[in-house]
Number of protein chains: 2
Amino acid sequence: MSNQNYIENAHFKLENFIPYQLAVVAESVSKAFSKTYAKRFGITIAQWRVLAAVGRESNCTASSIVEHTAMGKVQVSRAVSILIDKGYIKSRVDSRDRRNSILAFTNKGRSIYIQIIPAGITFERELIKIFTKEEIQQLNHLLSKLNLHSKKN
Amino acid sequence: MSNQNYIENAHFKLENFIPYQLAVVAESVSKAFSKTYAKRFGITIAQWRVLAAVGRESNCTASSIVEHTAMGKVQVSRAVSILIDKGYIKSRVDSRDRRNSILAFTNKGRSIYIQIIPAGITFERELIKIFTKEEIQQLNHLLSKLNLHSKKN
DNA sequence: ATATAATAGTTTCATTTGTAACTAATTTCA
DNA sequence: TGAAATTAGTTACAAATGAAACTATTATAT
């Protein structure tokens, strides 16, 4: 089939195009997910991720969050400063390397963390209810494979 | 396992969380894809989608693009007006319903369309080279299933 | 030692985006 | 008919984003 035929016969369909499908699915999942906490806790996706990272590794630095979250350092910096304003996390200077800020939950932050993570897991569980066990394994496998190979961009 | 344990043992890992994985993969694929045409043709992802939609159905309206592209009407409107400025598409008023603008390629637009679509297909082919035939079928199946169910948000 | 480079994080500024309000044209239906 | 509602598309404004420049601190190398 020649390229020209894409004009004559309109063979190319966006909705079957994998990069497009991925983008659309990811966006609608993200939106649906953020609805589960945006209003309730007044946080954004970026802030959710930062909370998850701090929960995983307490007393971490912003840099380590950058590593664990696929967010840029600007985005992390802004999310952190908003979370500090909201009273969810606190920051102190690392005395051994005064460039580092060490981040940790406040009590308030810990208390929303333990609500937010189970809610996320519930969301995920609901999301993958449409799949069989086999399909879930497939999805995990395909996503991590894609992830590995799309990183080197 | 109690919720509290997410604090103590840091069990929750963002990188295994499906909504997160989806978002990250989709973003890096999108970025890698846009690199294949952004500089060369000076267009954005939104504009790429509009071109694809016009190529599929010549003399379409902005509304039909909204239907086919999972873009909002504001986004389509802006992409269309930029593509008109760039001389890739032209717009005329529908005489039967003067609310509609009917969109079509200019010669210049048609000529980049027939470059851009094969380039997209090449990108997709490269992307899925990491998969077996079976995995590609699985990916298609999983994405359309996810798409179906995440639409009702 | 000290100049240079590298790292952590923040801020600035320009661009992009999303929501809501808007104009214009058409349809509905009393 | 003609007032109210709907639809197509645009615009205005505020918020989010990204790139690059910036400050402060530490590491490197001569």
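Chain naming here is simple, since letters A, B, ... match the order of the sequence lines and numbering starts at 1 in each.
Looking at residues two or more places apart in sequence or on another chain, you find no salt bridge (charged side-chain N to carboxylate O under 4.0 Å, His left out) involving A:Asp94. Partners of B:Ser58 by side-chain contact (heavy atoms from CB on, under 4.5 Å), not counting sequence neighbours, listed by chain and number: B:Ala104.
Follow the hydrophobic side-chain contacts under 4.5 Å out from B:Ile121 and you reach B:Ile130 in the same cluster.
By the 6.0 Å contact criterion, CG on B:Asp85 is enclosed, its count of non-hydrogen atoms from other residues, nucleotides or ligands being greater than 12.
Using cut-offs of 30° and 60° on the angle between ring planes, the pair B:Trp48 and A:Phe17 is parallel.
Computed from coordinates, the A:Ile43 CD1 to D:dA15 C1' distance equals 18 Å when rounded to whole Å. Rounded to an integer number of Å, the gap from A:Trp48 CH2 to D:dA16 C1' is 20 Å. If you measure from atom CD of B:Glu27 to atom C1' of D:dA16, you get 14 Å, rounded to the nearest angstrom.
The stretch residues 74-103 of chain B comes close to DNA chain D through B:Val74, B:Ser77, B:Arg78, B:Arg99, B:Asn100, B:Ser101, each having a heavy atom under 4.0 Å from the strand.
Across all strands, A:Thr61 comes closer than 4.0 Å only to sugar-phosphate atoms, never to a base (heavy-atom distances).
Using a 4.5 Å heavy-atom threshold, the side chains of B:Val24 and A:Leu143 count as separate.
Bounding nucleotides for the chain B contact on DNA chain C, 5' to 3', at a heavy-atom distance below 4.0 Å, are C:dT17 to C:dT26.
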What donor-acceptor contacts under 3.5 angstrom involve side-chain atoms of residues 67-80 of chain A, with partners at least two apart or in another chain?
from: A:His68; atom 1: ND1; to: A:Ser64; atom 2: O; distance (Å): 3.1
from: A:Thr69; atom 1: OG1; to: A:Ile65; atom 2: O; distance (Å): 2.6
from: A:Thr69; atom 1: OG1; to: A:Met71; atom 2: N; distance (Å): 3.4

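Annotation: salt bridge (charged side-chain N to carboxylate O under 4.0 Å, His left out) contacts involving residues 15-25 of chain B, sequence neighbours excluded, comprise A:Arg56-B:Glu15.
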